[in-house]
Structures are given as C-alpha cells and as structure tokens.
Visitor: 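Handing you this structure, nothing more for now.
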2 protein chains.
Amino acid sequence: MVDVARRAGVSLKTVSRVINNAPHVQQQLVDRVLAAATELGFRRNHLASSLRSGQATATVGLLIEDIANPFYATIAGVVAEVARQHDTLLIIASSEEDAEREERLLRDLCSRRVDGLIVVPAGYDHAFLRPEVELGTPVVFLDRPAGGLLADTVLLDNRGGARAGVQRLIEAGHRRIGILLDSIGVYTMRERLDGAQDALAAAGVGYETRLVRDGIRDPVGAAAAVADMLDRPDPPTGFFSLNNRITLGVVEELWRRRSDAALVGFDDFEVAHLVPRPLTVIAYDTRALARTAAELLFQRVSGNPSWPRTIVLPTELVERGTAA
Amino acid sequence: MVDVARRAGVSLKTVSRVINNAPHVQQQLVDRVLAAATELGFRRNHLASSLRSGQATATVGLLIEDIANPFYATIAGVVAEVARQHDTLLIIASSEEDAEREERLLRDLCSRRVDGLIVVPAGYDHAFLRPEVELGTPVVFLDRPAGGLLADTVLLDNRGGARAGVQRLIEAGHRRIGILLDSIGVYTMRERLDGAQDALAAAGVGYETRLVRDGIRDPVGAAAAVADMLDRPDPPTGFFSLNNRITLGVVEELWRRRSDAALVGFDDFEVAHLVPRPLTVIAYDTRALARTAAELLFQRVSGNPSWPRTIVLPTELVERGTAA
DNA sequence: GGGCGCGGTGACAACGTTGTCAGCCTACCG
DNA sequence: CGGTAGGCTGACAACGTTGTCACCGCGCCC
C-alpha cells in the first residue's frame, strides 16, 4: 500500500480510502491510485485489515462431525449460502465425534477471530467457550444442545418424531418392534429412543430390551442385527430404525429374506422411493434446520443482543408403505 | 500479551517465547507466564501472528461447485483430513458453477493469505491467479484443468473410462446407444463424450446425433429424455449416461417401463447395488483423487519447487449386470 | 586473569492496515 | 474583508504478534 501511495504520489491513507472506497476523495486521485494499484499488482491484506479494525474477519466457523456425511454436507451448503449473502466465508472443521478434537478446533477457530460459530457438538462440556461468548463471539448450537453453556440452539423434534413413528407401527398392529440405534451416547439417539419408549408406554406395549440393539455403526451391522433378531423365537414383526444408515441395512436384509416385516426409519434419504419397497420414514427439513441456525447466527453477529433462544423444528411422518 | 507480561513480571518477548514454547526459557518463568495467561484468559491472536510472521496462516482454501453435492462433500472430507494432518484449517467456498463468483471467491481467499488453494474450476480463465502463484501461493486444480495458467492438476481418465463403458455396450451387441449428458460446456462431459465417440468410431458404429441428449440437469430430465428416445422409431437398445444423477433418472424410467435396455453409467453411487437392477458403472476413487491433490498441495506448501505436474487417475468398469 | 561462548532475557522495530486528528484550501456568509 | 464551515488530504499511532539484536552473567579454556 505504501508502494502504491508512492507511485500515485499520494499518502498511504488516501490509498486506504480509495481501496475501501471511502467518501471525500477526488475522482482524479481515485483514478491515479487505482491505476497504480493495478500496475503494482496490489493485493489487499485482509489479515492486517481485520487485525487493525478489531472486528469483521468476514469468516464464520462451522464445526460438524464429518463433512463427507450427506446430512452435514447439506448443512454446510446452506450455511455457506447464508454466509455468502453476508459476504462471509466459511471455515469448516470436522470433529469426527471426538470431544477433545472438537475443543481444539473450536479454540483454533476462536484464535482466528471468526465472527461467529455454528457447532454440532460432539462433546458434553462447552464451558471453555464462555470467555469467547462473553467477549462477543456468537455461537449457535445445531442439532444437539451445548453442555454447560447457555447459547442459542436449534434442534429437531427427535422425540416427537420417534413417538409418531412407533405409534404408527403400533396402530398397524405391531407389538414386537425391533429398535436399532447407533449409540446411546449420542444425544439424538437418546431422544429418539425416548420417543419410541413414549409411544410404547402410551399404547401399553411392554419395552423389551432384547428388541433394542445398540452400537450399530453401518448398514452391514444393521443387516446382521436384523438377521439375528428374526432368527430368534418370537421375532419382531416390525422394525424402527433410528437413522438412515441403519435403515439401509434393514432394508437390505429384509429384501434378502423377502421378509415383509414392517419398517419405519428415522431420517429420509434420497433414494427412499427407489429401494425395493418404498420406505416409510420420519423426515425433516435439514435445510431449514441449517438455515434457521445460520440466520440466527448472523442476527447475533450483527448485534442482536436478546436472550439465547432454543428453537425446535418439527419432524414429519412420511408414509410410503412399509409401516404396515 | 502485554498484560500477561506485566502480570508475570517479564517482558513481552518472553511471553511470546512461552506461548510458542520456544527454547531457552527458565522453567520458573514459563510457569509464571502460563499462570498469568490463564488468569487473564489470554487468547492468542492468530491473525496478528500470521501478519507478523508473513507466512503460515495454517489455512488452505478449497473451491468447489457445491458442497452439498456428495462428490464434492467427499472431496472436502478428504482434503480436510489431509489438512488436519498438517494442522491446517480449511475454508470451503462454493462457486455454484459461476465463473465470476469463482474469481471473486479466489481473490478473497488470496487476500486472506491462505497457504494454498485447491480448485475445481468453473471458469475457463485463471490467469488472474498468476500473480498469487508467483508470489508463492500454491494452487492445485482438481477434476478439471485450469485455463490460462500452468499449475498442478489432478484429473480422472474421463475419456478412457467412457471409452471402456461404450466399448462394453458394443461388445454386448448394442449398436444404437443413447448418450445422455449434463452440459457440453463442462470439461468432464466433453471428455466423456469424446471417449464415447472414440469407442463408437473404433467399432465402426456411426455416431448419430439423434441419440445424444445434452442439457440434462436432473433425474427427471433424464427420465423424460429416455422416454422420448424409446418412443421414437429405431429406439436405442442401450444407454450410456454421463453422470450419476442422469443414471438415476434413466434407471427410474427403464424400471417404470420394465424395459430391459442396457445401461452403463459414469460415476458409481452408494446405492448402485440396491436399485432394481444392479448397475454397471464407470467407477473411480474419489477419495484418492482428493488425497492426491491435497498431498500435492501440501508438498508445494512445504516448499517443493518442482515443475507443475498433471496427474491422471484411472477409472474402472464395474460390471453389475446392466451392460448386456 | 582475560577472552570467549552460550544460555537467558528484554528493547525495539516491523508486519499491512485503519482510526484519529490536525491542517490545508475553497467557498460562502455576515 | 475576516471568520468559519466543510471537503479533502496527510502524519502518526495503534492493532497483537514475532524477528533482530544487544545485553548480562556465568563457566570454561588457554
């Protein structure tokens, strides 16, 4: 910038004014400076700018589990789009469900002075973020609540959705319902399981531990669990799967056996209408979820100081034929 | 930092040394400084650090079409993982296939002094990046070549893959092969179409324009095109689809009509084995593609100055039964 | 005993930008 | 014709950190 100033025969400050097209600069000088800048290949240093002005790195951080997962990729896409509307770039970091790594990444993002953070938490303690929040970095939690920190949060109605799904199976006459979940350690899984239990209890159907399978990581594991349950005495006549990876495995196994057991799955997925039997699922609007969080964040960034909110978005039972 | 120094009764520089755990500091002072830092809630300012030291923002930029697309999400995941191994964060920006937006985003990333860039180009002229490259910002192009700029590039063997796919259809006896593609404006589509033509020419099969459909954006469009082609005289007996979104539409339409027309699709996809007929596809290792680019980038970042390379990764014909 | 090397520390400038303020000039008003 | 308001410009400090260099004191060697 000092070089540009010398070349244009003006002061450093005038160059700064031109670059930021501030008012009160003669057109003639503007032209001279611009010419000098392009001749010298001037490249503004965004770092120095945000260092000096103290705020506005025009960057927000998004912390998720795994960017390659379509759910998070959708979220990232929406957040990036909202960010773009605010002329802001997005740093995306994946925690891989590791609380320690999550903390490291969040601290790193803060040390980069991001204007705000959207976090899908992996850990259970986010108290370490309190200083940052108090010093003015807004944080919005997405899909799961924060631990030990009062902050804006946008959630799905996991419990209500699961309740509706299991209720539907019960209405169709099922009493032995196999429930498959990823990990009871994950907030959404706990909520969904609670919802399923709500529905069972409300219908006076007993909750049988043998019908609940935890720790199912992938479609293969799901298929194996289904096979095992079906091969035992008093097999389930219906299945409730708590996420779409599991649902996929259940579908595969049922199809392999030509079983007509009922199935309701949490999470919709793109090819749900293409698989052998069209699937009944608990669907929700992932994009709306992300958009809500992102818009809330940018409200905070632009200074809305109201009390932290928790927003719960609805889920919907989409019937496509496998509930009966 | 100056506050920490005062509190610990040492100089500013000693604090800096402790924070960066530089050698030659008495353990006693280290402890005092660390204590003071935590008491005051010291938060290192990464911006100021990279401004002063001139290099090492520990950030790389990834420019893709659309983060919500699974192909790019996979790439982003791999790049983020490689970046993490180098203690580097990732700024992801989506060009939405808009060359102007691409340029704006790349300039913005450069003004943030990222350590390097991985670009899936949307535009055709990247000469504007030359000053940045010359000033030491490595750029690796991914999946499509750069325009007007000599730079590292990692590509797929689109042409070879398409050639193999069409050749397989020809071997199965097909002579009228419907070819469906997104947009001839996209590099990969042109390459794949060229490969298809190679195979047709090599087999002495005439290239009929009526059998090629351009501008197919989504599965619905693909289904409509297939329907139209099948309803005309001399319909194709086989289809070659140039990306997986199109393939999905073709599958739907063929299934709807219970047609047993052959189909080979470019791009594998997760549920390729679940759809009504298991699909024969041209597959490739997206993760390897991304990993190659990311590792090449970090080689450059750490100073490997050799001549820009172009790496072409192979594709593979995966037969699952729809080629005949 | 003087010189030398080295571990340990601090003063100071610098990175590239922007905020503050002072100062210039012109125009306009009384 | 003096005063003043306001458009326009520049000098300077500051943002928070790190690189450079100088300095001090100690132990060691000749």
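In what follows, every chain begins at residue 1, and chains take the letters A, B, ... in the order their sequences are listed.
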Visitor: Would you tell me whether B:Thr57 and B:Asp115 have side-chain atoms, one donor and one acceptor, within less than 3.5 Å of each other?
Guide: yes
Visitor: Is B:Arg287 salt-bridged to B:Glu81, going by a charged N under 4.0 Å from an acidic O?
Guide: no
Visitor: Would you mind reporting whether A:Glu96 and A:Arg101 have side-chain heavy atoms less than 4.5 Å apart?
Guide: yes
Visitor: Are OP1 or OP2 of C:dT9 and a side-chain N or O of B:Gln26 less than 4.0 angstrom apart?
Guide: yes
Visitor: Does one side chain, of B:His126 or B:Glu102, offer a donor that lies under 3.5 Å from an acceptor on the other?
Guide: yes
Visitor: For A:Asn20, what residues pass the side chain to side chain contact (heavy atoms under 4.5 Å, CB included) criterion, not counting sequence neighbours?
Guide: A:Ser16, A:Arg44
Visitor: Is the phosphate of D:dG10 approached by A:Thr14 (side-chain N or O, under 4.0 Å from OP1 or OP2)?
Guide: yes
Visitor: Answer yes or no: is there an ion pair linking A:Asp108 with A:Arg112, defined by an N-O contact shorter than 4.0 Å?
Guide: yes
Visitor: Five pairs per end, C1' atoms only: what is the angle between the end axes of the helix from C:dG1-D:dC30 to C:dG30-D:dC1, to 10 degrees?
Guide: 60°
Visitor: Is there a side-chain contact between B:Val140 and B:Val154 (heavy atoms, below 4.5 Å)?
Guide: yes
Visitor: If a protein heavy atom is under 4.0 Å from the base, mark B; if only from the sugar-phosphate, S; if neither, -; do that for nucleotides 12-20 of chain C going 5' to 3'.
Guide: -BBBBBBB-
Visitor: Just say parallel, tilted or perpendicular for the rings of A:Phe71 and A:Tyr284, cut-offs at 30° and 60°.
Guide: perpendicular
